[in-house]
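All remarks here apply to the structure that follows.
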2 protein chains.
Amino acid sequence: MVADEWKPGRVVTLKDVARHADVSISTASRALTGQRNVQTELAARVWAAAEELDYRPNVAARGLRLARTMTIGAVFNRLESPVALEVFDGLGEAAHEHGYSVLVANAGGSAGEYQVVLQRLFDQRVDALVLYRPSGVEAQLQPFHDLGVPVVAVFARGPGSGDLPLVTNGPGAAIAQAVARLAELGHRSLAYLATPVEMRDNRTTHLREESAKYGIEFAMHPLLDDRDHASIGPVVHDVMSARHRPTGLFIRYRHVPGLLQALNAGGLEIPRDVSLVSFGDAEWLQSTRPPIATINVDGQELGRAAGRAVVEWIKGTAPPAVIQPSSAYWVDRASVGPAPA
Amino acid sequence: MVADEWKPGRVVTLKDVARHADVSISTASRALTGQRNVQTELAARVWAAAEELDYRPNVAARGLRLARTMTIGAVFNRLESPVALEVFDGLGEAAHEHGYSVLVANAGGSAGEYQVVLQRLFDQRVDALVLYRPSGVEAQLQPFHDLGVPVVAVFARGPGSGDLPLVTNGPGAAIAQAVARLAELGHRSLAYLATPVEMRDNRTTHLREESAKYGIEFAMHPLLDDRDHASIGPVVHDVMSARHRPTGLFIRYRHVPGLLQALNAGGLEIPRDVSLVSFGDAEWLQSTRPPIATINVDGQELGRAAGRAVVEWIKGTAPPAVIQPSSAYWVDRASVGPAPA
DNA sequence: GTGAAAGCGCTAACAT
DNA sequence: ATGTTAGCGCTTTCAC
C-alpha cells in the first residue's frame, strides 16, 4: 500500500487514516482511542493504517475538544538549587507517565514577572499548576481557581500562598538526628543563617525545638536576600565575633559557597572552629575539604508526588492539605566535629 | 456593566467578548489581533469588553487554526550541568520574549527514551525543537524534518546528529589563553580527561594545537561514561603514577568532584602537584580551596541565541550551519600554579 | 468596514 | 456497530 495522497509538508491526520482504512472518521477515532463499539476487524484495519501512515494524534486538537491540553505548568523561581532540579526531574517523570507534558517557566523573582509567567501558562490552558516554593501569589492564582485548575505548591509555600496543597517532606526527623549528633559532640550553641523568607520554614521550628531538648542555645541570623556572595560576609563576621559565638551553623545550600568564603576570610576552619550543616546536598559538597554534612531532601520524589497529585486532582480527587511522600534524611560528614573548647 | 452570563467554571471566550461589545465574533477577533479593517470606535468597545471580562485568548485554539502552537520543545539529556541550566534559562527568556512557551523534556540517556520524548513533543506539535548536546538522533528527527519543523543543536552535537544547525561558542581563544598561562608557568605536559564522546569536542583539537605551539606534550585519557565518582579513581591513579605524568589537567565540570576525591585519595595536592582547569564554571568552584580555574561558557547567551534562531527560522529565515553568539572565556584561579619540579 | 460561514483536528452525541 | 453532524475557540475567506 501507498500513502494515499501525501504532500511533503503536511502532517497525517485522522482523516487520512480513516480514508486509508476505508472507514469513517469517527470509527477511526473510536478504534484508536480503544472504545469497544467497533468491530475487531475494522479496528485492526484502522490500527494498521495508522501504523503505516505514522499517524500521531494532534494533542492540541484533541485538547481543544476535550478541554484538556495534557500539559502541566511548572513555575520555578529559578532552577538554581539542586532540589529544584530534582523536583523538576521527578515532576517530568510522573507527568510523562500519565501522558502529560510539562510547560516550565522561570519567574526571575519580581511579582510582576510571576504574573506574566502565570498568564502565559493560563493562555496555554494548562491542566494543572505546580509551583516551586511560591510566595505571595495568592491573588494571581484567582483565574486558575475560577476555572477549577488544580494548583499545588511544592517543597514549601511562603506567606500569601493561600491554602495551596503542599507537597513537602518532614524535615523533623533529620533535624533531630543532626542536633542530636551536635549535642553528642558537645555543642552548646547553634545558629541558623537564613534570609527572612527562609526563616518561616518549619525547619526553624524544628531546630528550635530540638535544640531546646538538649538545653542548647539556638539563634537565627538574618541574611540579605541577595545573590551576591559577598553580602554574607558581614553577617558571618558579626555572628562569629560575638562573645557567645555559635559552634554549629545551619545554612541553606545556596549560601554555602559564600559562607565558606566568609569563614575562610575570617581565618576560621571547619570543623575546628565551627561545625557546618547544609540544608540541601550536591555532589561537590562531598569533595570539599572537609566534606559538608547535609540535611537532604529527595527532590525527585517530591516532584513525582506533586505530579501524581495534580494528575489525580485533574481526574477528580483533590489532595489533602499536605502531602508528605518522604522524609528528609541526615548525612553525617566531616564538617561536623567536636565543639571547640 | 456586568459580565453577561458568567458561569463559575467557564472560561471567557472570544464569543463572550463579542457579545459583550455587541459586535460579531469576527470583528472582535480583528480588533484584538490589531487588524486595520475595523472602526476605531468598535475596536475600542471590543478592547474594553475584553478588559472587563478578563479575556485571555486560548493559545491552543488559535494554534489549531494557525497550525502553530507557540511552543518550543527543548530536550536535555538531564539538566545537570550548570551550562545546561543556563541554556535553559536563556532559551526560556528568548522564547517568552517572542510569545513562545517552552515544553521541556529530559531524556535520561537511552536512545529509546529519547525517541519517546521526541514523540511526545511531536504529538504536541511544537513549532521548533532545541536539542542540548544531541547525539545519534538523526533518524528520530525525520518526522520533524518532514514537517519542516526547525531543529537546532545547542552547545555541541555528537555523531549522528546530521547537519543540525549548531549554536555554540568558540572555545579556541579561551583555550589558547589557558595553555599560554600554563606554558608560562613552566608546564610541559598536559592531559585532557574525558569520556570517549566528549573527546570528539573541538576542545580536543584546540588543546592539541595550542599545546603544540609551545612544544608541550598533550595526551587524552578516556574516562568511563559513568555517573559514579569512584570510577574516575583508577584512571587518575594510572595517569598520575606514570613516569611522565602530566602537570596540568583539563576536565569537564561534571567530573571535577570525582577528580578532586581521586587526587585527594592519592595524596596529590592542587596546584602543588598538579594544576587543574575545569571546562565549565559553577559557584562552588570559587569556594573550594584552592578555587578552580575554568574555561567558561555563557550558557544563557547560548540559550538566547538558540531561541532567537528557531523563532527566526519559524518566520522563514533558516540559520547558518553554525551560530556563535559569544566566546568562551578563561578564568584564571589558584588551581593553576607553577609546574612542579 | 462588517457579519456569516467555513474549517483547523479531533471527539461525542445523535442518528441509523 | 457504523456514519453523519455538531462543535471545542479561534482566524479568515467570502459576501455584502
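Just so we're on the same page: letters track the sequence lines, and every chain starts at 1. Just so it is clear, the values below take in all heavy atoms, side chains as well, and ignore hydrogens, waters and symmetry mates.
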Legend entry - salt bridge (charged side-chain N to carboxylate O under 4.0 Å, His left out) assessment of A:R304 paired with A:D89: CA-CA 8 Å; A:R304 275 191 294 259; A:D89 223 43; over 6 Å; no
Legend entry - Donor-acceptor pair (no angle test) under 3.5 Å: A:R125 side chain, D:dG9 base: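 Answer is no: no donor-acceptor pair is held.
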Legend entry - Base D:dT5 to side chain A:S26, donor-acceptor N/O within 3.5 Å cut-off: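 There is none.
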Inset, instruction - Just do the side chain to side chain contact (heavy atoms under 4.5 Å, CB included) check on B:Y100 and B:V310 with the steps written out, would you? - result: CA-CA 11 Å; B:Y100 286 83; B:V310 293; over 6 Å; no
Legend entry - Within residues 58-66 of chain A, residues whose heavy atoms come under 4.0 Å of DNA chain D: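 Heavy-atom cutoff 4.0 Å gives A:L64, A:R65.
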Calculate the interatomic distance between [X] atom [atom1] and [N] atom [atom2]; express it in whole Å.
X: B:Y55; N: D:dT11; atom1: OH; atom2: C1'; result: 10 Å
X: A:L42; N: D:dT2; atom1: CG; atom2: P; result: 4 Å
X: B:L32; N: D:dC10; atom1: CG; atom2: P; result: 9 Å

Inset, instruction - Have a look at A:I25 and say if it touches a base, only the backbone sugar-phosphate, or nothing, with a 4.0 Å heavy-atom cut-off. - result: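 Touches a base.
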Inset, instruction - Could you tell me whether B:Q35 contacts a base, only the sugar-phosphate backbone, or nothing, with contacts defined as non-hydrogen atoms closer than 4.0 Å? - result: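 Result for B:Q35 = sugar-phosphate.
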Inset, instruction - Mind checking the CD-OG1 spacing from B:Q324 to B:T168? Nearest 0.5 Å is all I need. - result: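 Output value for this atom pair is 7.0 Å.
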Inset, instruction - Calculate, to the nearest 0.5 Å, the distance between atoms OG and CZ belonging to A:S24 and A:R19 respectively. - result: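 So the gap between those two atoms works out to 13.0 Å.
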Legend entry - For chain A, the stretch of DNA chain C it reaches, first to last nucleotide, under 4.0 Å of its heavy atoms: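 First-to-last contact on DNA chain C, by the 4.0 Å heavy-atom rule, is C:dG9 to C:dA13.
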Inset, instruction - State plainly whether the residues B:R68 and B:D127 are in salt-bridge range, i.e. N to O under 4.0 Å. - result: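 No, no charged N to carboxylate O under 4.0 Å.
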Legend entry - Salt-bridge contact A:R308-A:E301 (side-chain N to carboxylate O under 4.0 Å):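 Between A:E301 and A:R308 there is a salt bridge, with a charged N closer than 4.0 Å to a carboxylate O.
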Legend entry - Evaluation steps, side chain to side chain donor-acceptor pair (under 3.5 Å), between B:S26 and B:S29: CA-CA 5 Å; B:S26 34; B:S29 171; over 6 Å; no
Legend entry - Nearest atoms (heavy-atom pairs only) where B:A305 meets B:V167: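 The answer is CB-CG1, 3.9 Å.
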